[in-house]
Amino acid sequence: MDHEHVRDVDPAVADALEGEVDRQRNSLQMIASENHVSEAVIDAQGSALTNKYAEGYPGSRYYGGCEYADEIEQLAIDRAQDLFGAEHINVQPHSGTQANQAVYFAMLEPGDKILSLDLTHGGHLSHGHPANFVGQFYEVEQYEVDPDTGYLDYEGLAEQAEAFEPDIIVSGYSAYPREVEWERIQEAADSVGALHLADIAHITGLVAAGVHDSPVGTADFVTGSTHKTIRAGRGGIVMCGEEYADDIDSAVFPGGQGGPLMHNVAGKAVGFKEALEPDFLEYAEQTIANAKALGESLVDNGFSLVSDGTDNHLVLVDLRESHPETSGGDAEEALEDAGIVLNGNTVPGETRSAFDPSGIRAGTPALTTRGFDEDDCRKVGDLIARVIDAPEDESVIDEVREEVQSLCDANPLYG
Ligand code: DSN
């Protein structure tokens, strides 16, 4: 990854690009929504398709010269169908948020009602936060996880749906460590005549591999992003039954987007092909095993986990009991100095703020891609504990930084 063409034209950007590759190589990327895509996906995304306009869909475009764009988009759709089994799939959304936007735009009128999980309980901005367009164009009410267990409260959700009478219920989360019972949310939606959108952005790869229950065939709409656990490069995807196909396609283009980012669609096609290989199942299983090992190690080191553990690729640590003086932001900063990159995160019942929350969120998708196993992840849990126990001790930070480097050297990334 030498960026030689960039260097010829723009050494400043080339230096920064190489700096970023070195940063990823020499530190632990534990932001739960991140991953390391293959060089094949990077090659596809950095291709001449960035030049091509292709408004429309395969076989029906508003511009000439789309023969290769058609071929690639159809490959992406076919492979996504093999992975997820949905009747209809649109691979053009630029991101998971724009995939969600397409569903809202297709199915709701401004002022319609959305019932979704509160952001501080693990939801997402695009599910109805007041600062997002969704919170401003629609009437949003939010549900919460059970404060005692950290698990979704399906009965409470059904009662809330009955009282609020939403037009759509949104499930699928950004900081929820447990398996989701899609059928129970569908039942709540059906009982009040609401639609159900399941946003699997974080777990798209786990669902594709079959290691996490799939909402496809249960929820009316399933959206996802393609660069997280599925490692297919930046972008989004929408899946639905055939009866909604035309509405969704029109809501993506021309409703919400202009020309598709065909270079990203090519990345999706390549990443989906990789996800169809048998070793992707091993990857997905290992990602979950690693998150469980990380969580156990943190618990052994005295930390509290929201819901006491994990079923997926992430753990959510509530620092309030074990480290009441340390905010998630303080922990994030000290850990980054030690080469462990994750994010401060709100926790259910948050008593600080989104800018200075009480927890940290840590994921294993990227570590697993570079070859980490359970023993490595237990060790990472110990290293996280050493830093958070002494976030201002430079000698601890330096020692942990060295151990992080050894782990990185043992699990090399990008050649
Ligand atoms: N920003 C992503 C996350 O970190 O969960 C979701 O879009």
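All residue numbers refer to positions in the sequence shown, counting from 1. One-based numbering, in listed order, for ligands and for the atoms of each. Hydrogens, waters and symmetry mates play no part in the numbers below; they use all other heavy atoms, side chains included.
Residues C377 and T364 come closest through the heavy atom pair SG-CG2, 4.3 Å. When all heavy atoms of Q74 and P58 are compared, the closest pair comes out as OE1-CB, 3.7 Å.
Taking the six-membered ring for Trp and the full ring otherwise, the centers of H323 and F303 sit less than 6.0 Å from each other. Checked against a 6.0 Å centroid threshold, the rings of Y154 and Y143 do not count as neighbours.
Not a single heavy atom of E34 sits less than 4.0 Å from an atom of ligand 1.
Listed by number with element, the atoms of ligand 1 under 4.0 Å from a non-hydrogen atom of S33 are 2 (C), 3 (C), 4 (O), 5 (O). Proximity to R361 (heavy-atom distance under 4.0 Å) selects the following atoms of ligand 1: 3 (C), 4 (O), 5 (O). For ligand 1, the atoms sitting less than 4.0 Å from at least one non-hydrogen atom of S174 are 5 (O), numbered in the order shown with element in parentheses. Near K228, with a cut-off below 4.0 Å to any heavy atom, the atoms of ligand 1 are 6 (C), 7 (O).
Ring geometry for Y176 against Y173 counts as perpendicular: the plane angle is over 60°, on a 0 to 90° scale with 30° as the lower cut.
In summary, the side chains of H196 and S171 do present a donor paired with an acceptor at a separation below 3.5 Å, with no hydrogens or angles considered.
Residue, atom and distance of the protein heavy atom nearest to atom 6 (C) of ligand 1 are H124 NE2, 3.4 Å. For atom 5 (O) of ligand 1, the nearest protein heavy atom (residue, atom name, distance) is H202 NE2, 2.7 Å.
Neither the backbone nor the side chain of H227 has any atom closer than 4.0 Å to an atom of ligand 1 (non-hydrogen atoms only).
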